Structures are given as structure tokens and as C-alpha cells.
Amino acid sequence: MTTRTRFAPSPTGFLHVGGARTALFCWLQARKEQGVFILRIEDTDLERSTPESVQAILDGMEWLGLDHDEGPFYQTHRFDRYAEVTKELLAAGKAYPCWCSKERLEKLREEQMAAGLKPRYDGHCRGGAEPVPGVDPVIRFRNPQVGSVVFEDRVRGRIAVSNEELDDLVIARPDGSPTYNFTVVVDDIDMGVTLVIRGDDHINNTPRQINIYEALGATPPQFAHVPMILGEDGARLSKRHGAVSVLQYREMGYLPEALLNCLVRLGWSFGDQEVFSRDEMVEHFSIDDVNRKAAAFDHTKLDWLNQHWMKTLPAGRVATELRPQFEAAGLDPAKGPALEDLVGVQAERVNTLKAMAEASRPYYEDFADFDPDAAKKHLRPVAAEPLQAIRDTLAGLAAWTPEALDAAVRETAERLEVNMGKIAQPLRVALTGSGMSPSIDLTLWLVGQERALARIDSALGFIAERAAQQR
RNA sequence: GUCCCCAUCGUCUAGAGGCCCAGGACCCUAGCCUUUCACGCUAGUAACGGGGGUUCGAAUCCCCCUGGGGACGCCA
């Protein structure tokens, strides 16, 4: 039987990293077994679901490259189907209407808590109750009262829960709209899902869902409950941990390859291997190897992986992701070196694309001032001669290539009998305004001949002006 | 409160009774490389939560404790 997995987020917010990892695991397992990956939007909560969230989830999935084979299906389009199944259950006596008021239920809950019991519906209407005039009833599932539900979770192992712990859950509200525990079961049956991979906050729901499968005469799928992702402080990941939305990571300049790589290693490993390409993940991943412990999301590791992938991926691929960062930084890629060339030089110097765009500013637009510290240290009168010398050499250079530029700088230093530093540092400050940049040949290469000459002239002017002031 | 789940360096993890006085990676520190900043390379610090068992032998199996998380909705 072909494996069919599904990712079923509810559109009440963005796609966060926890959801993204669940989606990744579903996707990987399907791809690995050449199965089918289904996307389903669980939007039965009309109050909280928004079209923006749906779009954010779709965008996030697309950016990560987690493509689905079927769907997206929307539960709101399937209300007729749920109503139909509810009717069947009612007809078979496997569900019943309940007129209990919320007030009564609330009071019941409080009493049970006070008595040290687990709050559960007491079955007041289970035996058939008198309709309350003017009140639309909810529909409750008639859960077995004896025995226990046992299932073999593919990451947790055997889990057993006594039916005495469960109660008769609501499957339809007074207005007829269905509830979560019911819709998932109906959908997973209708969509032929064979393996349910989801967060372990759903473990407690599983036994009651299995009871519904059985009431419907269906064989439950396999389950795999993956541990949650925690924030860096070990608490459940939430907004206050900063970025949790996948799309925010794109904005911050992370590559999807890096985020995926980081996520896949949370709760899963393959020997000592840390770096995984998409293909390697598919090749080696197995849901059965996922461990049970909740893991904390580590941003520093993501930074490391991001840089790794910026250095490793084809420059053109990285450039594609870099382009939006230029726009965000207000930089025009047309006004400087080709982004592919830039990536080749900058990838090893920063760990996000955002930082790369920022660090590349001098190659795309003129800067107003020299960094005061760098200028003070390197744009001194003694630097005037080397700067003039290298300017003259550069002005006559026919080939503006890293090789030619490296040779030009070295020869000039040799000719003047000074250390490389004596010429490279002032030149660096002249070219970029700061004391930090790629190696001097590459810096020159990126700045370009025309700009380089003009900036050296500015620097020479700055030195002269400063000398005049001090005199 | 009741039920369920979890427990190896700061973090992610390897480890499925002897190969482990516990390995890798990130972070951090030191050194090397070097025209700056990085990259790279080398080295170092750092963990089996506690207590009982079982066993010739336990990080690995069992029990208790402690600590953490989750669920208990007419949310998903």
C-alpha cells in the first residue's frame, strides 16, 4: 500500500517553525516511500481562520519547497460531508444529541476538579434526554465506556489509554458545524491517509479518534507523534522567542536549504552527519528514527548552517534568494557587480543574506563618510604616497580581474618597498569606507575600476584636508 | 487536580548491557594561517538528574523520586 501522509495546519496564524518541521517530516516520509503528500487546511474554526493565514501557510510551504501531491483541501468545503457522517452516526446510535447548557458543563468541570478528578462529560444526555425547547443540541460521540485503546505509535511506541479516561466528545455544534476530532477522522479516512504525522500535543486526542474510526468501520492509520520544538529557554516556542514564522526567516536572510537542514536535525539524526541536502534527507530519513524528546531551536546552529549553504550552493541559486534582500535594503543590483560574483566573495564573510546585502552596500552605491576609527588609523599622511602609487597603476590596468588586481597591488608594494598592509589597509578604507572588507584584490574587483579611482581620489583629498587642518 | 509523555555536554545529538573514565556538531576559549574582517586548520573546556534494584558488567533493562512538557473546550 502506498504511503499517504498529510500536513493539516489550521490557518489561525503563520506557518511557524514547529509546523514547518512537522510538514517536513510528512513530506520526507512520503517522498522517501514514493508515496503521496497531502495538504489540508483545517479551517473549521470560522472565528479564527483567515485567508491571510492560508496564504501565509501556502507561501511558507512553497518557499521551503515542500510540494504537495494532493490538495490543498479545505475543511470548510466539506461541511456537507461531515453532516452526512454525523447523520449516519446518529442513525446507528453511535452519536446522540445533548442539550446540556454550557453553564451546567462549566459547573460540572469545576466540581470534578475540586474533587480531584479529571474533568469529563458525565453522560447526562447519553441515555436519551428531553429536548430543551428553543435550544439546538450539540451532537456527542458515544465513546465506549469500557476497555482501552491501544496503538503502536511509530515514534512513541505502544500507548494505551483506558476508555474510562475518555468521555463523549462533541462532534457537531448547535449550528451543525463539525469539530476537530471528528473532521480529522472523516478526512483522513476519505483521503486515504495511511500515516498521520503530527505534533505530540495530539497524543491525547488519538485514542478518542481511534474510537471514531472504529465506530465508522474504518481501520485507523498509523500514527507518529513527533516531539514539539522548544524556544531557546526550553519553553514552548512562541512569539516572545522572536521569529517563529517561516517567512520571517526568509526576511531575515536565511536560505530554505538551511532552515530545512536545521529543522530536520531537531529530533532526528543520521550518525554524525550534520549537513543534509534535500536529496540526502529524503534518502536517509525515516520517521521511525525520530526521537521522543522535545528539542530547543538553536539559532546559532541555523546561522552556521546558513553560511554553510551560502558557501556551498551554486552562486546563482544563492543570488536568487539574495535579490529580495537588495530590494529590502534599498540597493540596486544593476549598479554593481553581478550578484553571482558577489556571492562568491561574500558568502564566507556573513551568515545571512540580509547581512550580505548590508555588507555589500559600498559595491552598489557611494558612501558618505569614512568610518572615523578606520580613517583615523589608515588615512594618514603616510598613506598618501602608496595610495597615489596604486591609483596610477590601477588607472592603467587593462584587465580588471582578481588576478591582475592582486598582481598590481603586490607589485606596487614591492616597488615602494612596503608591507602589503601599508598599502592594502588605506586602500580598503578608501574603497569601502571601513577597515573590514574582502581581500584587497577582491574588494577592488567588486568596486570596479571607475569607482575605485574616484574613491582613491576622495581619500587622497581627505588626507590632504586633514593634514591642512592639523598644520 | 487527573491522565499521558519525556529525561546524555549550555544547545542539537551518537549510544539499542561490555567497543564509552561516553563520540560528533554548534557555541565558547587558545593557537596557526593572514593585507583587515572573515573563512579554513589544530587544540581545549563541557554531559549520562538523584536513589534503589537486575547483572560478572548499565548511559543502555526495571522501580521510586525529582525535574520538564502536553492533554483535560461547543480551539485546532
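Convention: sequence-line order gives letters A, B, ...; per-chain numbering from 1. Remember, it's a predicted structure, so these values are computed and weren't measured experimentally.
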Self-check item: Pair Glu42(A) + Arg40(A), salt bridge at N-O below 4.0 Å
Solution: yes
Quiz prompt | Atom pair distance, as rounded to whole Å: CG in Asn291(A) and P in A16(B) | solution = 15 Å
Exercise. Please state the P separation for the pair G50(B) and U11(B) - nearest whole angstrom.
Key: 15 Å
Self-check item: Paired nucleotide for U2(B) [Watson-Crick or G-U wobble; both distances under 3.5 Å]
Solution: A71(B)
Practice problem: Look at all strands and tell whether Gly116(A) reaches a base, only sugar-phosphate, or nothing, counting heavy atoms closer than 4.0 Å. | Solution: sugar-phosphate
Quiz item: When all nucleic acid strands are considered with a 4.0 Å heavy-atom cut-off, which category describes Val170(A): base, sugar-phosphate, or nothing?
Solution: sugar-phosphate
Quiz item: Does the side chain of Ser277(A) pick up a donor-acceptor pair with the side chain of Glu257(A) at under 3.5 Å?
Solution: no
Practice problem: Do nucleotides 3-12 of chain B as a string where each nucleotide becomes B, S or -: B if the base has a protein heavy atom under 4.0 Å, S if just the sugar-phosphate does, - if no protein is that close. | Solution: SSSSSS--BB
Quiz item: With respect to the side chain of Lys102(A), which nucleotide from C74(B), A71(B), U35(B) is positioned closest?
Solution: C74(B)
Quiz prompt | C61(B) - base-pair partner by Watson-Crick or wobble geometry, distances under 3.5 Å | solution = G53(B)
Quiz item: Which whole number of Å gives the distance between the C1' atom of U36(B) and that of C26(B)?
Solution: 26 Å
Quiz prompt | Rounded distance in Å - CG (Leu108(A)) to C1' (U2(B)) | solution = 14 Å
Quiz item: Gln75(A) has a side chain; which of A76(B), A14(B), C74(B) sits nearest to it?
Solution: A76(B)
Quiz item: Does a donor on one side chain sit under 3.5 Å from an acceptor on the other, for Asn261(A) and Trp309(A)?
Solution: yes
Quiz item: For Ser434(A), does its backbone N or O pair with a side-chain atom of Asp371(A) as donor and acceptor, under 3.5 Å?
Solution: no
Quiz prompt | Ser269(A) vs A14(B): side-chain N/O to OP1/OP2 distance below 4.0 Å | solution = yes
Practice problem: Send over the distance from Leu166(A) CG to C72(B) C1', rounded to a whole Å. | Solution: 10 Å
Quiz item: How about His299(A) and Phe297(A): are their ring centres within less than 6.0 Å of each other?
Solution: yes
Quiz item: Base, sugar-phosphate, or nothing: which does Ser437(A) touch, judged by heavy atoms less than 4.0 Å apart?
Solution: base
Quiz item: What integer number of Å spans the P atoms of A25(B) and C39(B)?
Solution: 16 Å
Exercise. For Ile171(A) and A76(B), give me the distance from atom CD1 to atom P, rounded to whole Å.
Key: 13 Å
Practice problem: To the nearest Å, give me how far apart CG (Asp303(A)) and P (C27(B)) are. | Solution: 9 Å
Quiz prompt | Integer-rounded Å distance: U36(B) C1' and Leu427(A) CG | solution = 12 Å
Exercise. Find the partner of C32(B): check Watson-Crick (N1-N3 plus N6-O4 or O6-N4) and G-U wobble (N1-O2, O6-N3) distances, both under 3.5 Å, and reply none if neither fits.
Key: G40(B)
Exercise. For nucleotides C62(B) and U55(B), find the distance between their C1' atoms and express it as a whole number of Å.
Key: 12 Å
Quiz item: For Asp272(A) and Ala8(A), take the nucleotide of RNA chain B holding the closest heavy atom to each; which residue's nucleotide lies nearer the 5' end?
Solution: Asp272(A)
Quiz item: Under 4.0 angstrom, heavy atoms only, what part of the nucleic acid is His202(A) near: base, sugar-phosphate, or nothing?
Solution: base
Quiz item: To the nearest Å, how far apart are Glu106(A) CD and C72(B) C1'?
Solution: 13 Å
Exercise. Taking atom types as modelled, find out whether Asp303(A) and Gln307(A) have a side-chain donor-acceptor pair closer than 3.5 angstrom.
Key: no
Quiz item: Do Arg198(A) and Thr206(A) have side-chain atoms, one donor and one acceptor, less than 3.5 Å apart?
Solution: yes
Exercise. Could you pull out all residues at least two apart from Phe79(A) that satisfy ring-ring contact (aromatic ring centres under 6.0 Å, His included)?
Key: none
Quiz prompt | Shortest side-chain distance from Gln425(A), nucleotide among U36(B), A76(B), A38(B) | solution = U36(B)
Practice problem: Write down the distance separating the C1' atoms in C19(B) and A14(B), rounded off to the nearest Å. | Solution: 14 Å
Grab the N/O contacts between the protein and nucleotides 58-62 of chain B below 3.5 Å, and write none if there aren't any.
none

Quiz item: Charged N to carboxylate O below 4.0 Å: is that the case for Arg78(A) and Asp187(A)?
Solution: yes
Quiz prompt | Nucleotide nearest Asp201(A) when distance is taken to its side chain, options U35(B), G70(B), C74(B) | solution = G70(B)
Self-check item: Under-4.0 Å side-chain N/O to phosphate OP1/OP2 contact, Thr44(A) with A76(B)
Solution: yes
Practice problem: Please measure how far the P atom in G40(B) lies from the corresponding atom in A47(B), and state the result in whole Å. | Solution: 27 Å
Practice problem: Check the distance between A76(B)'s C1' and Glu42(A)'s CD and give it to me in whole angstrom. | Solution: 7 Å
Exercise. Without swapping roles, check the side chain of Gln29(A) against the backbone of Ile287(A) for a donor-acceptor pair under 3.5 Å.
Key: yes
Exercise. Would you kindly check whether a donor in the side chain of Arg120(A) faces an acceptor in the base of U2(B), or vice versa, at under 3.5 angstrom?
Key: no
Exercise. Would you mind classifying the nucleic acid contact of Pro227(A) as base, sugar-phosphate or nothing, using non-hydrogen atoms under 4.0 angstrom?
Key: nothing
Quiz prompt | C1'-based separation of G44(B) from U2(B) [nearest Å] | solution = 50 Å
Quiz prompt | Pairwise P distance, U45(B) and A7(B) [rounded to whole Å] | solution = 28 Å
Exercise. Would you mind classifying the nucleic acid contact of Lys311(A) as base, sugar-phosphate or nothing, using non-hydrogen atoms under 4.0 angstrom?
Key: sugar-phosphate
Quiz item: Within less than 4.0 Å of OP1 or OP2 of C72(B), is there a side-chain N or O belonging to Arg109(A)?
Solution: no
Exercise. Taking Asp441(A) for its side chain and Leu405(A) for its backbone only, find out whether a donor-acceptor pair lies under 3.5 Å.
Key: no
Self-check item: Chi angles and distances behind the side-chain contact (heavy atoms from CB on, under 4.5 Å) call for Tyr180(A), His202(A)
Solution: CA-CA 11 Å; Tyr180(A) 167 74; His202(A) 285 291; 3.0 Å; yes
